[in-house]
Amino acid sequence: MSRFLRVPHTLVLLFVMMIVALASTWVLPQGEFETVEDAKGHALVVPGTYQHVEERTVLSPLALFTVVPRALAAAQDIIFFVLIVGGAIAVLRASGLIDAILGWTLKRVGHSPGLLIVIGMCVFAIGSGTIGVAEEYIPFAAMLIALCLAMRMDVMTAMGIMICGYGIGYGVAALNPFTVVIAQGVAGLEPTSGWQFRLALFVPFVAIGVHHVWSYARRVQRDPDASLMKGIEVAHVPPTEYPALTGRKLVLLLAALATLALMVWGISTRGWYLVELGALFLGLAVFVGLAGGLGVDGTARRFAEGAAELATTALLIGFARSIALLLEDGRVLHTIVDALAAPLTLVGAEIAVVGMLLVQTVLNLFIPSGSGQAFVTMPIMAPLGDLIGVSRQVSVLAYQFGDGFSNMIVPTNIVLMSILGIAGIPYDRWFRFVWPLIVKLTIAAAIALVVAVLIGYR
C-alpha cells in the first residue's frame, strides 16, 4: 500500500500542476483587463475593465512540452545564477575554506543551536525586508546545512532558518524595493511610507518563525528518528575534523567577504541583479581556486562538478515557471484575479481585508513574482479598498503578507524550489514542515490587518 501512497518526485508534481493549468485554459472564461504603462514602462491593470475575449485561445496538449523550453529561457537569469553559485561553492569547499570557517564557528556557537537559529533567521529576515534579498541567499545553503548537521540538527532545520527567515522578511518588509516600494507606487502612496507599523511587526512575526524552527530542531536533537528527512540520503556530511584557519585561508575569506560586500553595495546603489551577481561569484571561484592551490585544471574540474550537481534544480525552476506561462498564454490569469477579487465588495472592511490577504496568498501560486503580483493586483485591490473602507496602506500590507509568507510554500516559487533542490529536500517533506507555520503566520497576519483597519493605518 505504501508504494501506491508514495509522493512522486517534485518534477512530477510540477508537471501535474502544468496539466491542471492547461486544462483550466480550456474550461475557464478567457479575458483580460485593459493595461496602461507607468512612467517606467510597467504594465498596470486598469480596474473595472475586465472583459471576456470574443475569440478563445485554444492551447494544444503539445503546449505542455513546448512551454518548458520557453520557461527555461524565461528563467535563464536565475538558472545560470544557480549553476554559477553551485560551481563557486564547490571550489570554495575544495579549497578547505568552508570547513575551516565551520570549525571556527562551531568552537564559538556550537554550544547553542538556539543562538544560531535566532541570529540566522533575523539576518535573513532583515536582508529580505530591507534590500529584498532572495536568490542571493542561495550561496549560504551549503554552509548552513553543514553547521546544523554538526550541531545534531538536520537539513530541514538549516533550510527552515534560511527559507522561513527570507519569507517572513518579505512578509513584514519595511523597505523592500521589489515589493513594498513597487506596490506603494502602484497604489499612489509615498515610497516606504508607513514603515513604522511594519517595523513594529518584525519582532513578533520573526518570533513565531523562530519558535517553529527551534521546536522542530529540539525534537530532532532528542530523537533523530523524528526528522522529516528520515530515509533521505544526505550528501552534506559534516567532517569529523576541521582544517585550521591559516593565513592562506584568511586571504580567501577576505576575498569572499569582499565579494559579499560588493554584492550588497551593487544591489543597493547600482541596481545590480543576477547577471552582475553571477559575474561576482564566477570571479570569486577563479580567485579562490588559483589562490587556494587547486590549479587551473583543478578549479575548472571542481566548478564543473558543482554546477552539474544542480542540473535537477535548473529543471525544477523551468517547470515551475511553465505553470504561469500556460495561464498567461491561455488568457485566464486575469480571469482568476477578477474572480477572486469580486466577492470582497460584498462584506465589511474587517472581513474584506482578511479576504484580501487570502486572495493575495492564492494569487502568489499563479504569479510568484513579487513585483509582477504587485503590478497585476494592486491596481485592482487599491481602488477596491477605497470602496470598502480599507486604506491603500492596508491594501499594500495585505499584498505583502500574502506574497511573502506564501513564498515559503508555493511550488511555483523558483527561489524556494532552487534552495530545496540544492539541499536535497523533497517538496512533500518541506510541505509537512512548513504548512503549520504558514497557518500560524496567516492567523497573525489577519489579526494585524484588522488592527491596522481599526487604528486607521495610512
Side-chain angles (χ1 to χ4, degrees), residues 33 36 38-40 42-48 125 128-132 134 166-202 204-205 337 340-341 344-345 347-364 366-407 441-442 444-458:
F33 288 97
V36 295
D38 65 6
K40 295 183 178 180
H42 298 125
L44 303 182
V45 170
V46 179
S128 295
T130 53
I131 59 174
Y166 133 68
I168 292 172
Y170 260 76
V172 297
L175 308 172
N176 190 320
F178 304 115
T179 56
V180 175
V181 173
I182 288 177
Q184 288 182 326
V186 174
L189 299 170
E190 287 295 320
T192 73
S193 58
W195 63 268
Q196 298 91 337
F197 184 73
R198 296 193 297 275
L199 190 62
L201 298 175
F202 181 86
F205 276 86
V337 173
L340 290 174
L344 299 179
T345 60
V347 294
E350 291 82 3
I351 297 176
V353 74
V354 177
M356 284 182 169
L357 166 64
L358 298 178
V359 167
Q360 295 286 12
T361 299
V362 172
L363 286 175
N364 199 32
F366 306 105
I367 317 172
S369 163
S371 56
Q373 188 173 340
F375 286 122
V376 171
T377 64
M378 288 315 300
I380 300 168
M381 293 299 181
L384 179 64
D386 296 339
L387 295 175
I388 59 180
V390 174
S391 75
R392 295 198 167 199
Q393 199 71 260
V394 178
S395 296
V396 170
L397 188 61
Y399 147 75
Q400 67 180 92
F401 280 160
D403 169 70
F405 299 148
S406 59
N407 277 337
L441 290 172
T442 301
I447 294 171
L449 287 168
V450 171
V451 169
V453 170
L454 294 176
I455 66 175
Y457 174 52
R458 296 185 181 279

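Worth saying up front: this structure is predicted, and the values here are computed from it rather than measured.
- Minimum interatomic distance between V181 and P191 (heavy atoms only, all atoms of both residues): CG1-CB, 4.2 Å.
- In this structure, the separation between CG on L357 and CZ on F401 is 8.0 Å, given to the nearest 0.5 Å.
- Side-chain contact between Q373 and Y399 is present, with heavy atoms from C-beta onward closer than 4.5 Å.
- Below 30°, between 30° and 60°, or above 60°: for Y170 and Y166 the angle between ring planes is above 60°, a perpendicular geometry.
- A heavy-atom distance below 4.5 Å is found between the side chains of Q400 and L397.
- A pairwise comparison of heavy atoms in G402 and T361 identifies CA-OG1, 3.4 Å as the closest pair.
- Listed here is the closest heavy atom pair of F405 and A445: CE1-CB, 3.9 Å.
- From Q196, atom CD reaches atom CG of L199 across 8.5 Å, with rounding to the nearest 0.5 Å.
- Note: S391 OG to L189 CG = 8.0 Å, rounded to the nearest 0.5 Å.
- The aromatic rings of Y457 and F197 are tilted relative to each other, their planes meeting at an angle between 30° and 60°.
- Rounded to the nearest 0.5 Å, atoms CD (Q184) and CD (Q393) are 5.0 Å apart.
- Distance check, rounded to the nearest 0.5 Å: OG1 of T442 to CG of L358 gives 7.5 Å.
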Please evaluate residues M356 and L449 with respect to the criterion side-chain contact (heavy atoms from CB on, under 4.5 Å), reporting the C-alpha separation (whole Å), side-chain torsions for both, the decisive distance (0.1 Å), and the verdict. CA-CA 10 Å; M356 284 182 169; L449 287 168; over 6 Å; no
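- Here the CE atom belonging to M381 is positioned 13.0 Å from the CZ atom belonging to R392, to the nearest 0.5 angstrom.
- Taking the side chain as every heavy atom from C-beta outward, R198 and L175 never approach each other to under 4.5 Å.
- Shown here for V180 and A173, the closest heavy-atom pair between the two residues is CG2-O, 3.5 Å.
- Across every non-hydrogen atom of N176 and S128, the tightest pair is ND2-O, 3.0 Å.
- Between N407 and D403 there is a side-chain heavy-atom pair separated by less than 4.5 Å.
- In plain terms, the two heavy atoms of M378 and A183 that are nearest each other are CG-CB, 3.9 Å.
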